[in-house]
Amino acid sequence: MMKALTELDPVLEHRVRLAISVMLAKYEEISFSRFKEQLQVTDGNLGAQLRRLEEQGYIALRKDFVERKPITWYRLTATGREALNKHLQALRQLIAPVD
């Protein structure tokens with residue numbers, strides 16, 4: 001159990017960052033507005049969590065324009081996918097004794 005605790009990724013322990021990573025693992029790209037709608041967080045909170053993931057190298061972004069409106073799209077990087085998989089495996093190990 002202690003090994004599983006040390007395997008948890010501190011960046012992914014935040015519920016919004018974990019949710020962002022899980023959503024990106026399922027869908028190739030997600031826009032800022034879609035995240036905001038799904039996670040129901042403020043622009044500032046969402047922006048801060050996305051920035052932390054980006055600084056860690058877990059997500060990448062691209063900017064686009066649709067009907068003259070800027071849209072920011074996010075995707076999970078290979079580093080982010082690896083970190084998420086490792087974090088989820090550690091969570092599974094932690095909860096296994098309860099099953």
Side-chain angles (χ1 to χ4, degrees):
M1 182 181 268
M2 287 307 288
K3 183 175 183 342
L5 281 175
T6 62
E7 295 291 317
L8 290 173
D9 187 323
V11 174
L12 297 176
E13 287 179 359
H14 189 282
R15 66 181 183 85
V16 174
R17 291 192 296 261
L18 179 59
I20 289 167
S21 300
V22 168
M23 289 174 68
L24 288 173
K26 184 172 181 175
Y27 303 102
E28 188 172 325
E29 282 188 319
I30 301 176
S31 68
F32 184 92
S33 59
R34 183 73 172 154
F35 276 131
K36 187 176 173 199
E37 175 187 305
Q38 291 294 310
L39 301 174
Q40 299 190 352
V41 293
T42 64
D43 285 3
N45 187 5
L46 180 57
Q49 303 316 324
L50 287 164
R51 201 166 20 264
R52 178 74 197 275
L53 289 167
E54 185 185 7
E55 288 168 355
Q56 198 68 30
Y58 289 1
I59 63 171
L61 64 93
R62 73 177 173 86
K63 300 215 181 243
D64 204 0
F65 284 90
V66 175
E67 297 176 10
R68 296 183 164 202
K69 285 193 210 171
I71 298 180
T72 305
W73 296 93
Y74 297 88
R75 69 174 174 78
L76 201 57
T77 64
T79 300
R81 188 170 299 278
E82 183 180 325
L84 177 62
N85 288 338
K86 188 176 174 184
H87 186 76
L88 293 176
Q89 183 60 36
L91 286 173
R92 286 184 195 102
Q93 289 173 3
L94 276 174
I95 64 172
V98 177
D99 286 341

Can you find a pair of side-chain heavy atoms, one from [X] and one from [Y], that are under 4.5 Å apart?
X: Met23; Y: Gln38; result: yes
X: Glu29; Y: Tyr74; result: no
X: Arg52; Y: Val11; result: yes

Could you tell me which non-hydrogen atom of [X] sits nearest to which non-hydrogen atom of [Y], and how far apart they are?
X: Leu46; Y: Lys36; value: CD2-N, 3.6 Å
X: Tyr58; Y: Leu76; value: O-CD1, 3.3 Å
X: Ser21; Y: Leu12; value: OG-CD2, 3.4 Å
X: Arg17; Y: Pro10; value: NH2-O, 4.0 Å
X: Asn45; Y: Thr42; value: N-OG1, 3.1 Å

About how many Å separate [atom2] of [Y] and [atom1] of [X], when rounded to the nearest 0.5 Å?
X: Arg15; Y: Gln49; atom1: CZ; atom2: CD; value: 9.0 Å
X: Asp9; Y: Leu91; atom1: CG; atom2: CG; value: 10.5 Å
X: Glu7; Y: Gln89; atom1: CD; atom2: CD; value: 9.5 Å
X: Phe35; Y: Gln40; atom1: CZ; atom2: CD; value: 14.5 Å

Worksheet entry | Atom CD of Glu28: over 12 foreign heavy atoms under 6.0 Å | no
Fill in: Flag if over 12 foreign heavy atoms under 6.0 Å of CD, Glu82
no
Worksheet item: Is Glu37 salt-bridged to Arg34, cutoff N-O under 4.0 Å?
Response: yes
Item to complete: State whether the side chain of Thr77 and the backbone N or O of Gly57 hold a donor-acceptor pair below 3.5 Å, judged by distance alone.
Response: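 At least one qualifying donor-acceptor pair exists.
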Worksheet item: Any sub-3.5 Å donor-acceptor pair from His87's side-chain atoms to Leu8's backbone N or O?
Response: no
Is [Y] reachable from [X] through a run of I, L, V, M, F, W or Y residues, each pair having side-chain heavy atoms under 4.5 Å apart?
X: Ile59; Y: Trp73; value: no
X: Leu50; Y: Leu61; value: yes
X: Ile30; Y: Ile71; value: no
X: Leu18; Y: Leu5; value: yes

